2 protein chains.
Amino acid sequence: MPDGAPKKTSRIQKRNRRLILEAALDVFSRHGYRGATLDQIAAEAGLSKPNILYYFDGKEDIHVTLLSQLMDTWLDPLVAMSPAGEPVSEILSYVQRKLDMARDLPRESRLFANEILQGAPRIAPELTGHLKPLFDEKCALIAEWITQGRLPPLDPQHLIFSIWSTTQHYADFESQVRVLLGPTEDPHARASAHLRLMFETMLRV
Amino acid sequence: MPDGAPKKTSRIQKRNRRLILEAALDVFSRHGYRGATLDQIAAEAGLSKPNILYYFDGKEDIHVTLLSQLMDTWLDPLVAMSPAGEPVSEILSYVQRKLDMARDLPRESRLFANEILQGAPRIAPELTGHLKPLFDEKCALIAEWITQGRLPPLDPQHLIFSIWSTTQHYADFESQVRVLLGPTEDPHARASAHLRLMFETMLRV
DNA sequence: TCGTGCCTTTACCAAATGGTAAAATTTATT
DNA sequence: AATAAATTTTACCATTTGGTAAAGGCACGA
């Protein structure tokens, strides 16, 4: 037994909470917070609406739980950017990981995009509490690299913004990208090559 | 009298439709399509809900009208990219105009972002009808410039995506940007300098 | 000034939606 | 098996929301 409260979550409880969060990720990312309904989530989870409300305190509780839980996964690539590595390859690897995430976890990307677009009403604490410190830390790291002459003088904050926006674009604006590219073979590879070229060019002294 | 139907729009009609669309832009861009309510729009327009429905056929009609009407303004900077100009400065001017628009018309940016995020359910025809041809035309122009050796070999489609994403980021993710930058003086100038540096670097042969 | 047509308001409505109470059922424990 | 606890279902409810009907007000030309 871990700590104070004894084994609180049963096997069935764990399974159903997972089912609900999985369904909620799908629905919230497709329709946004207000556009999503408990009935949709219930249907997609294969449970009844009251049953869902047995596991969560309400719609907002599901949404906040989802966002908080995914925050770690979402920030993983940035966490992985290490002072031990070589600056250019560290940043290029970061770009690549972010782009891969846009391809592999588009729902997560759209979930966050939706939330930020609406002014981050339910995730603001997470932003200042988790994201901001990490962002500041990595900006300081890049600034340090610049000071050491290992990177050209550029704006760390806006560099990171550029990485976020260019990579997440492929998930968040996927419907537009699809219309504009038409039936291209392997758009992900093309995007990857383009972004590598772009950031490599600007990072070489 | 212009054509077939005689003077159909009265002075009061023009004023009220404008009031409604202005209010709708505000509300839709803040809450998304489903998050917005006719009551909110009515309140912000200073009209009653039934009165609004006297001028528009319904919520969707307002939304579609808004999107279609703003499409031209939105695409203006891209239209302005001219074969007559010098490639690098044409593209850099385009970046600058897009960034200025993100600052001056953030509601329009968020309106489109919301719509695309939801899969462009109500604007798909406009995408294929207006945006796609323009996009293809400008990609061909950039490709032509590359062929002429006036630009380094890069991917026209993904270059435009990069311009869109980096500039619109400042409008669409404004709440996040504000949290992360803190009270910086003139973030727009910093963003402008960074993007100019970034794109200029990659465009110089 | 009188009426005709444009505009606005009042009073509604049906459907959708987040949520609850409590009975019924299943699962786990002894 | 018996019983207590956890889980699920059934039957609701209040509010919100997009939308409508129809009466009332108002402007403007004859």
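Each chain gets a letter, A, B and so on, in the order its sequence line appears, and its residues count up from 1. If you're wondering where the values come from, they're calculated on a predicted model, not measured in any experiment.
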Q) Got a salt bridge between A:Arg103 and A:Glu174, using NZ or NE/NH1/NH2 to carboxylate O under 4.0 Å? A)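 No, A:Arg103 and A:Glu174 are not salt-bridged.
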Q. Do NZ/NE/NH1/NH2 and the carboxylate oxygens of B:Asp39 and B:Lys49 come within less than 4.0 Å?
A.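 So B:Asp39 pairs with B:Lys49 through a salt bridge.
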Check whether any side-chain N or O of [X] sits under 4.0 Å from OP1 or OP2 of [N], and answer yes or no.
X       : N     : value
A:Arg17 : D:dT7 : no
A:Ser48 : D:dT8 : no
A:Gln13 : D:dA6 : no
A:Asn16 : D:dA6 : no

Rounded to whole angstrom units, what separation is found between the [atom1] atom of [X] and the [atom2] atom of [N]?
X       : N      : atom1 : atom2 : value
B:Leu53 : D:dA21 : CG    : C1'   : 13 Å
A:Arg34 : D:dT16 : CZ    : P     : 11 Å
B:Phe28 : D:dT17 : CZ    : P     : 13 Å
A:Tyr54 : C:dT25 : OH    : C1'   : 13 Å
A:Ile52 : C:dG18 : CD1   : P     : 11 Å
B:Ile62 : D:dG18 : CD1   : P     : 10 Å
A:Phe56 : C:dT20 : CZ    : P     : 15 Å
B:Lys49 : C:dC13 : NZ    : P     : 14 Å

[options]: which one has an atom nearest the side-chain heavy atoms of [X]?
X       : options               : result
A:Pro50 : C:dT8, D:dA11, D:dT7  : D:dA11
A:Asn51 : D:dG19, C:dT20, D:dT8 : D:dT8
B:Thr37 : C:dC7, D:dT17, D:dT7  : D:dT17
A:Arg15 : D:dT8, D:dG18, D:dT20 : D:dT8
A:Tyr55 : C:dT8, D:dT8, C:dG19  : D:dT8
A:Arg11 : C:dT10, C:dA28, C:dC7 : C:dA28

Q: With side chain to side chain donor-acceptor pair (under 3.5 Å) as the test, would you mind laying out the steps for B:Arg34 and B:Gln118 before giving the verdict?
A: CA-CA 10 Å; B:Arg34 287 222 41 195; B:Gln118 318 291 313; over 6 Å; no
Would you classify [X] as touching base, sugar-phosphate or nothing, given that sugar-phosphate means primed atoms plus P, OP1 and OP2, and contacts are heavy atoms under 4.0 Å?
X       : value
A:Leu38 : sugar-phosphate
B:Ile12 : sugar-phosphate
A:Ala42 : nothing

Q. Under 3.5 Å, side chain of A:Ser29 to main-chain N/O of A:Glu108, donor-acceptor pair present?
A. no
Q. Below 3.5 Å, does any donor atom in the side chain of B:Lys59 face an acceptor in the base of D:dG19, or the other way round?
A.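 By the distance-only test, no, there is no pair.
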Q. Would the A:Trp164 and A:Phe135 ring centres measure less than 6.0 Å apart?
A.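 Ring-ring flag for A:Trp164/A:Phe135: true, centres closer than 6.0 Å.
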Q. Would A:Lys59 count as a cation-pi partner of A:Tyr33, with NZ or CZ less than 6.0 Å from the six-membered ring centre and within 45° of the ring normal?
A.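 Yes, A:Lys59 and A:Tyr33 form such a contact.
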